[in-house]
A.B. asks: 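Sharing a structure, written as structure tokens. Questions coming.
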There are 2 protein chains.
Amino acid sequence: MKRDDQLADTFTAIADPTRRAMLVRLAREGERNVTQLMEPFAISQPAISKHLRILREAGLVSRRKVGRENLYDIDVTRLGNIRDWISQVDEYWDQRLDALGDYLNKKKPKKK
Amino acid sequence: MKRDDQLADTFTAIADPTRRAMLVRLAREGERNVTQLMEPFAISQPAISKHLRILREAGLVSRRKVGRENLYDIDVTRLGNIRDWISQVDEYWDQRLDALGDYLNKKKPKKK
DNA sequence: TTGACATATATCCGAATGGTTATACGATAT
DNA sequence: ATATCGTATAACCATTCGGATATATGTCAA
């Protein structure tokens with residue numbers, strides 16, 4: 001429960017539909033400012049800024065200030081962490097299947 | 001924002017550290033009852049039951065009643081949905097990289 | 001049949017969450 | 001210089017969330 005924190009932040013940030021939609025948009029279209037990111041949604045600008053802050057603190061997006069605009073872009077690094085977690089779970093699960101297989105052909109050569 | 005619901009439920013369920021830990025445990029050890037699943041945590045039995053309900057409603061675990069016990073097990077199907085979502089985002093991102101590459105060698109053959 | 005077990009549900013509570021409006025402030029445009 | 005734009009932050013509110021305790025119900029053991 002210690003440095004699971006980062007993973008928890010990533011999962012939490014990504015769990016919200018609005019934030020996921022923003023990530024998808026950034027992935028497809030690249031760098032966008034806050035006003036552009038607002039457009040698809042029927043919520044206030046401060047609400048969008050709040051979502052962006054959460055994404056940024058979770059390391060899922062980067063921010064670049066240019067003049068009076070703040071340009072955000074996706075950072076896929078942390079998505080890799082999630083993928084890794086899932087892979088780990090899948091791996092355990094596969095091992096269970098393998099173990100079951102071994103059990104069924106018990107006393108048979110346990111090759112591959 | 002319509003049938004994103006299922007994905008949202010999956011992400012939300014998986015975002016909680018306690019629930020993730022339970023999933024990992026089930027993946028490694030297979031079917032376990034509520035009492036067993038409680039052991040590693042310093043929280044009440046009803047709290048555990050609540051977590052299990054959320055995991056079950058998100059389709060991440062199955063429940064099998066045997067006598068007075070409820071046996072839970074992981075169901076990895078929905079993890080695939082998450083993986084797919086991430087892959088999709090990665091794909092968009094890769095396309096951006098490709099487009100950038102094409103731009104840099106502009107007027108060069110755009111082969112592979 | 002009676003008490004202990006296994007577990008779900010109901011109710012309540014404080015903290016976190018997502019949203020709103022108001023406001024501040026630097027960057028631009030006029 | 002001044003108004004407007006782009007955006008963050010503050011303060012507030014309703015809802016949701018994770019947990020606690022109390023309780024109900026079915027199953028098993030004595």
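Lettering of chains follows the sequences in order, A, B, ..., and the numbering in each one begins at 1. Keep in mind that the numbers below use all heavy atoms, side chains included, and drop hydrogens, waters and symmetry copies.
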A.B. asks: Round to a whole Å and report the spacing from CG of B:Leu71 to C1' of C:dC5.
C.D. replies: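 Atom-to-atom, B:Leu71 to C:dC5, this comes out as 15 Å.
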A.B. asks: Find the distance B:Ile48:CD1 to C:dT9:P and express it as a whole number of Å.
C.D. replies: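 About 15 Å, once rounded to whole Å.
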A.B. asks: According to a 4.5 Å side-chain heavy-atom criterion applied to Ile, Leu, Val, Met, Phe, Trp and Tyr, with indirect links allowed, do A:Val61 and A:Val34 form part of one hydrophobic cluster?
C.D. replies: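 In one cluster with A:Val61: A:Val34, yes.
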A.B. asks: With a cut-off of less than 4.0 Å, is there a side-chain N or O of B:Ser49 near OP1 or OP2 of C:dT9?
C.D. replies: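 Checking C:dT9 against B:Ser49, no side-chain N or O comes under 4.0 Å of OP1 or OP2.
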A.B. asks: Which whole-number value in Å describes the distance from A:Glu39 CD to D:dG6 C1'?
C.D. replies: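 Interatomic distance, CD of A:Glu39 to C1' of D:dG6: 13 Å.
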A.B. asks: Are B:Val76 and A:Leu97 grouped together when hydrophobic residues (ILVMFWY) are joined by side-chain heavy atoms under 4.5 angstrom apart?
C.D. replies: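 Same hydrophobic cluster.
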A.B. asks: May I ask you to check whether over 12 heavy atoms, not counting those of B:Glu91, lie within 6.0 Å of atom CD?
C.D. replies: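 Atom CD in B:Glu91 is not packed in, count stays at 12 or less.
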A.B. asks: What is the per-nucleotide protein-contact pattern of nucleotides 17-30 of chain D, from the 5' end, where B denotes a base atom under 4.0 Å from a protein heavy atom, S denotes such proximity for sugar-phosphate atoms only, and - denotes neither?
C.D. replies: -BBBBB----BS--
A.B. asks: In this structure, how many angstroms lie between the C1' atom of C:dG18 and the CZ atom of A:Arg20, rounded?
C.D. replies: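 Interatomic distance, CZ of A:Arg20 to C1' of C:dG18: 15 Å.
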A.B. asks: As a test of understanding, state which of B:Gln95, B:Gln88, B:Arg96 forms a side-chain hydrogen bond (donor to acceptor under 3.5 Å, both in side chains) with B:Tyr92.
C.D. replies: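 Result for side-chain hydrogen bond (donor to acceptor under 3.5 Å, both in side chains) with B:Tyr92: B:Gln88.
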A.B. asks: Are A:Leu7 and B:Ile86 in one and the same hydrophobic cluster, where Ile, Leu, Val, Met, Phe, Trp and Tyr link if side-chain heavy atoms are under 4.5 Å apart?
C.D. replies: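 Same cluster: A:Leu7 reaches B:Ile86 through Ile, Leu, Val, Met, Phe, Trp or Tyr contacts under 4.5 Å.
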A.B. asks: Would you kindly give the CG-to-C1' distance between B:Leu52 and C:dT9, to the nearest whole Å?
C.D. replies: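 Atom CG in B:Leu52 sits about 14 Å away from atom C1' in C:dT9.
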A.B. asks: Could you tell me how far apart A:Met38 (CE) and C:dG19 (P) are, to the nearest whole angstrom?
C.D. replies: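 My rounded result for the distance is 12 Å.
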A.B. asks: Should B:Tyr72 be listed as having a side-chain N or O under 4.0 Å from OP1 or OP2 of C:dA8?
C.D. replies: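 Checking B:Tyr72 against C:dA8: at least one side-chain N or O falls below 4.0 Å of OP1 or OP2.
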A.B. asks: Just checking A:Arg63: base, sugar-phosphate only, or nothing, at a heavy-atom cut-off of under 4.0 Å?
C.D. replies: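 It contacts sugar-phosphate atoms only.
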A.B. asks: Answer yes or no: is there an ion pair linking B:Asp90 with A:Arg83, defined by an N-O contact shorter than 4.0 Å?
C.D. replies: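 A salt bridge is present here (some side-chain N lies under 4.0 Å from a carboxylate O).
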